[in-house]
Trainee: 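Just dropping this structure here.
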Amino acid sequence: MSTALEIAAAVRAGTTTARKVVEEHLAVASAREGELHACNLLMTDDALAAADAVDEAVARGDDPGPLAGVPIALKDNMCTRGVPTTCSSKILEGWTPPYNATVVDRLRAAGAIVIAKTNLDEFAMGSSTENSAFGPTRNPHDPSRVPGGSSGGSAAAVAAGYAPLALGSDTGGSIRQPAALCGVVGMKPTYGAVSRYGLIAFASSLDQIGPFATTVADAAALLEVIGGHDPLDTTSIAGPAPAVTAELGRGVEGLRVGVVQELSGEGIDPDVAARVGEASDALTAAGAKVEDASVPACTFGLSAYYLIAPAEASSNLARFDGVRYGLRVDGEDITEMYNRTRTAGFGAEVKRRIMLGTYALSAGYYDAYYGKALKVRTLIARDFAAAYEQFDVLISPTAPTTAFAFGAKTENPLSMYLSDVCTIPSNLAGHPAISGPFGTGDDGLPVGVQVLAPALGEPVMFRVAAAIEAAAPRSAS
Amino acid sequence: MSKLDGWELVVGLEVHCELRTATKLFCGCPNMFGDVPNTNVCPVCLGLPGSLPVINRQAVELAMRIGAALNCSIEPSTFHRKNYFYPDMPKDYQVSQYDEPINVGGYLELPDGFRVGIERAHMEEDTGKTVHLGGQGRIHGSSHSLVDYNRSGVPLVEIVSAPDMRTSEQARAYVAELRAILVAIGASDGRMEEGSLRADANVSVRRPGEPLGTRCEIKNVNSLRSLGRAIEYEAARQVDLIDAGEKVQQQTRHWDDANGRTITGRTKEEAEDYRYFLEPDLVPLAPDAGWVERVRSALPALPAARRQRVASAAGAEPASQAVVTVVDLELDDLVCAAVAAGADGRTALARASNEVAANADAGRRLDAGAFADLVKLEAGGALTATQAKTVLGELLEAGGGDPATIAAARGFEAMDVSALDATIDEIIAANSDEWARYCEGDSKMQGFFVGLVMKATQGKADGKAVNAALRERGGR
Amino acid sequence: MAVAQLTREEVAHVARLARLELSEDELDTFTGQLADVLDHAADVEALEIDDVPPTAHPLPLVNVLREDVVMPSLDRVEVLAAAPHVEDGRFVVPRILGEAP
Ligand SMILES: [Mg+2]
Ligand SMILES: [Zn+2]
């Protein structure tokens, strides 16, 4: 399979057509979808029509955009006008948004072809895609294993070759962890670098949309298309998207790389830790200065995250009340209608988080839980700031384990939450982080190495990610 | 119901003011009253999944103007989410300023000089509108309700007074003055009947000098008249309760205008828990000193200052009804212009606050020079008051004109002074008994003689001149 | 300042606030699971960090404003078509039990 950049170059040069590219990818998707269930919707007709429009633009001599004819899969929590958007929840089943998310408009303007809406843990709450109301997604490397989550469908779609690119959303690791478990590149931008307008909110102060790709260069190209200021998102950073493509070939000579000790020891599988060690050796060999780094407050990240994210979610998900759109189960009075609708419409994990967040914000507990968690956020930001005085980037495992078996963590929610321990600190700090594949674990499944950078540190982060990619063992699958 | 004898009434008011912006607080939908339901809606104000709010600059500007006009400190501020389920609120939370409001700590001065403290004036979004069916339009007994989100997200400033008012008249005067200020600064259209200005009253009673009593919040008051009635009813209800040995329960009550009483709201099974937290989709407001200064210095003259100005021009009391009226109706410029052109202030104020006020729309269009000329003719004795009113009527109808020409065309001529003297002498001679009583100081006789003179002259005599002539002859 | 163990009644209260109905079994399960998460959060809850300011948001932006210019609203037919129940151009809801707070 070709990379996104190869496809775009060929379509722009007229050596292939967008239609042909899209048909090939849809064929792959059709062949594997029955087994993997990566998608809630394959947009065959829309995709072919969009491909034809790109081909016509090329024929007319118009600029078809930097991602001309490149198929892309969208996590099904991004609004697409006239196309169902479900968040893999029964409460939104059948809803078609009357508007596009900003990223969708930007993809179309860049010539990319949206071919699918991908499966996710309901409302992006989960780390395995087992919480989808429409059934789980399977890991293309081993269908008895989860793809990770919550953007498991997007990760699996890219890993299985449905599309060279996908978008996910990352609130506590929901792009990076499934990227690691599926053996692809996944990146969470600096908070505010990509517009959230049209992304159905999980936790507003943590959510970011970001790219999945098979290569670091493709991820960079996609970030440059979707990033940059959006007047519809107050929390969007002024200025253009981070320019990262130009950084990829610069190497890591002289860069200072820290290995986060708090994210490397206890709770990390030894085979995963070993791959991270090899990646840091590779960076040393490429001329970087690699040392141990400490970000002590990271150890409180998980606890703080599982207070802050549910608190925001409990409020963000209040609007699903059966009045204006989506599911409604009627009742004698409005409270009964609310209760029945929400009880029938939300799955167990969503209910759990709504209740956890409602509790954390409620009278008498706010200070002890939510208020404390916000202070921990300050501590994490301070500790990162101190670390970045000594280091240009930090590295760690992306996830503590390789892909795990279905059902392994569903009985004990806390054990599932621990899957996010390495990715959460970047969300709390609002920093960028990227996961790239680096070899496999003892089970032969992909391992991801995470590169972390300070806010707006995407350029240096991509340099390091490209160097790790260059040194990575060619994976078996 | 009891009288409030021996009790002190304590009132604080929360006034919600819809801001006069072109668009809503967080989206570009029109801020328009009375449109077809659910036409002025978009993903943001419908609370559609994925939508995000962006603050309207003009709403901030108007909120700051309100703060400046109410002598508040304008502060850096933040927005919170107030979480509760209700169908008129599409996100099931209201975005409102909470512990860091934009305006804090001001006051409002009533026409009589009494100052009501302003605790805060904060920004928030309005809700949609609900119609209840099958229960005489009320929630109670209704079968279902219909929701229109056109009003959802309209910018509001909630102005919270200190519990400084002690009578229902003060409360009414406060709302009237606040309304006048909000209209004067362009923040509100002031239409209480359309709900663009809505007052809730916190009412309690106590024995003078004792700590504050338990208060009830009275909602649904949509005119000045109902406000006064609701407060008085509620205070009497509370006194009755206490006299009967019962306790006032802190609760929200609704004013039932048709039946002239307050009725209890739902008694809540569980205390409200709004779970306020900082709205993560917005960033703080921190207007710099330059912006604050621009807002303060661009404030137009406020009603209090305008009352001072017109009162001193006309030689009247700032709290007098005539002064309050001309400022309320924006006729004060007309009076001041007449005085500046050399006309008599008292006469100008009298005409403006009566005849012009009765036709205020025309009055605000009236040519100030023509009004000044008219006042000069009347004050100089060339026209009687009655004649002046007739000429003024024509001026108002035409928007201007030359009062002297109009007077001449109507045959209004001031009486010759010697002719007036002769008429007065004749009348005195024909009523010698009454004249004797006048000379002894019987005050009723002044009117008697003025009336006879006016009758004899068919109203052409100048009242002032007649009075002066009578006093002179009677040695008074 | 340790917060007492989460009770079944508190979970029931929170479910009511969140407009969720739980069966007796679910109530038991959720109480246990939420207590586990809160136990894990005891590390945060136990921190002595009174002097640390909270960070509610990762961005240091202020005054992000738009101009007061009318933008197109949505098509009314499309808006109402998404609703589960419409009457007279408005969204229908069942009987409301109390006034807005
Ligand atoms: Mg309010
Ligand atoms: Zn709108």
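To find a chain, count down the sequence lines: A is the first, B the second, and so on, and within it residues start at 1. All heavy atoms count here, side chains included; hydrogens, waters and symmetry mates do not.
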Trainee: Is atom CD of C/E87 surrounded by more than 12 heavy atoms (other residues, nucleotides or ligands) closer than 6.0 Å?
Mentor: yes

Trainee: Return the option, out of B/V147, B/D288, B/V283, with the maximum number of heavy-atom pairs under 4.5 Å with chain C.
Mentor: B/V147

Trainee: Could you look at B/L62 and say if it's the side chain, the backbone, both or neither that has a heavy atom under 4.5 Å from chain C?
Mentor: neither

Trainee: Quick one: of C/V70, C/N63, C/V62, who has the most non-hydrogen atom pairs under 4.5 Å with chain B?
Mentor: C/N63

Trainee: Is chain C contacted by the side chain of B/P76, its backbone, both, or neither, given a heavy-atom distance below 4.5 Å?
Mentor: neither

Trainee: Side chain, backbone, both or neither: which part of B/K24 has a heavy atom under 4.5 Å from chain C?
Mentor: backbone

Trainee: Going from CG on C/L65 to CG on B/L282, what distance comes out if it is rounded to the nearest 0.5 angstrom?
Mentor: 10.0 Å

Trainee: I'd like to check B/V131 versus C/D88 (side-chain heavy atoms, cut-off strictly below 4.5 Å). Are they in contact?
Mentor: no

Trainee: Do B/D92 and C/R19 pass the side-chain contact (heavy atoms from CB on, under 4.5 Å) test, and can you show the C-alpha distance, the side-chain angles, and the key distance before you say yes or no?
Mentor: CA-CA 11 Å; B/D92 289 298; C/R19 300 293 185 267; over 6 Å; no

Trainee: Output the distance between atom CG (B/L278) and atom OG1 (C/T55), rounded to the nearest 0.5 Å.
Mentor: 11.0 Å

Trainee: Quick one: pull up CZ in C/R66 and CZ in B/R57 and give me the separation to the nearest 0.5 Å.
Mentor: 11.0 Å

Trainee: Taking only residues at least two apart or on different chains, which pairs with a member in residues 41-66 of chain C satisfy ring pair (Phe, Tyr, Trp, His ring centres under 6.0 Å)?
Mentor: A/Y191-C/H57

Trainee: Go through the atoms of B/V60 and report whether side chain, backbone, both or neither lie under 4.5 Å from a heavy atom of chain C.
Mentor: side chain

Trainee: Quick check on B/F26 against chain C: is it the side chain, the backbone, both or neither that has a heavy atom closer than 4.5 Å?
Mentor: backbone

Trainee: Just how far is it from atom CG of C/L97 to atom OG of B/S142, taken to the nearest 0.5 Å?
Mentor: 9.0 Å

Trainee: Chain C heavy atoms under 4.5 Å from B/L46: which part of the residue, side chain, backbone, both or neither?
Mentor: side chain

Trainee: Drop me the distance from B/D273's CG to C/R16's CZ, to the nearest 0.5 angstrom.
Mentor: 12.0 Å

Trainee: Please report the shortest heavy-atom distance between B/F85 and C/L17, naming the atom on each side.
Mentor: CE1-O, 3.5 Å

Trainee: If I measure from the heavy atoms of chain C, does B/T130 come under 4.5 Å with its side chain, its backbone, both, or neither?
Mentor: side chain

Trainee: Considering only heavy atoms, give the residues of residues 78-86 of chain C separated from chain B by less than 4.5 Å, sorted numerically, with 'none' for an empty result.
Mentor: C/V79, C/L80

Trainee: What part of B/C45 gets within 4.5 angstrom of chain C, counting heavy atoms only: side chain, backbone, both, or neither?
Mentor: neither

Trainee: Does a sphere of radius 6.0 Å around CZ in B/R215 hold more than 12 heavy atoms from other residues, nucleotides or ligands, not counting ones at 6.0 Å or beyond?
Mentor: no

Trainee: Less than 4.5 Å apart, side chain to side chain, heavy atoms only: is that true for C/I96 and B/H132?
Mentor: yes

Trainee: Which of residues 33-41 of chain B get closer than 4.5 angstrom to chain C, counting heavy atoms alone?
Mentor: B/V36, B/P37, B/N38, B/T39, B/N40, B/V41

Trainee: So which bits of residues 27-34 of chain C come within less than 4.5 Å of chain B, counting non-hydrogen atoms only?
Mentor: none

Trainee: Is the backbone of B/A22 close enough, under 3.5 Å, to the side chain of C/D68 for a donor and an acceptor to pair up by distance?
Mentor: yes

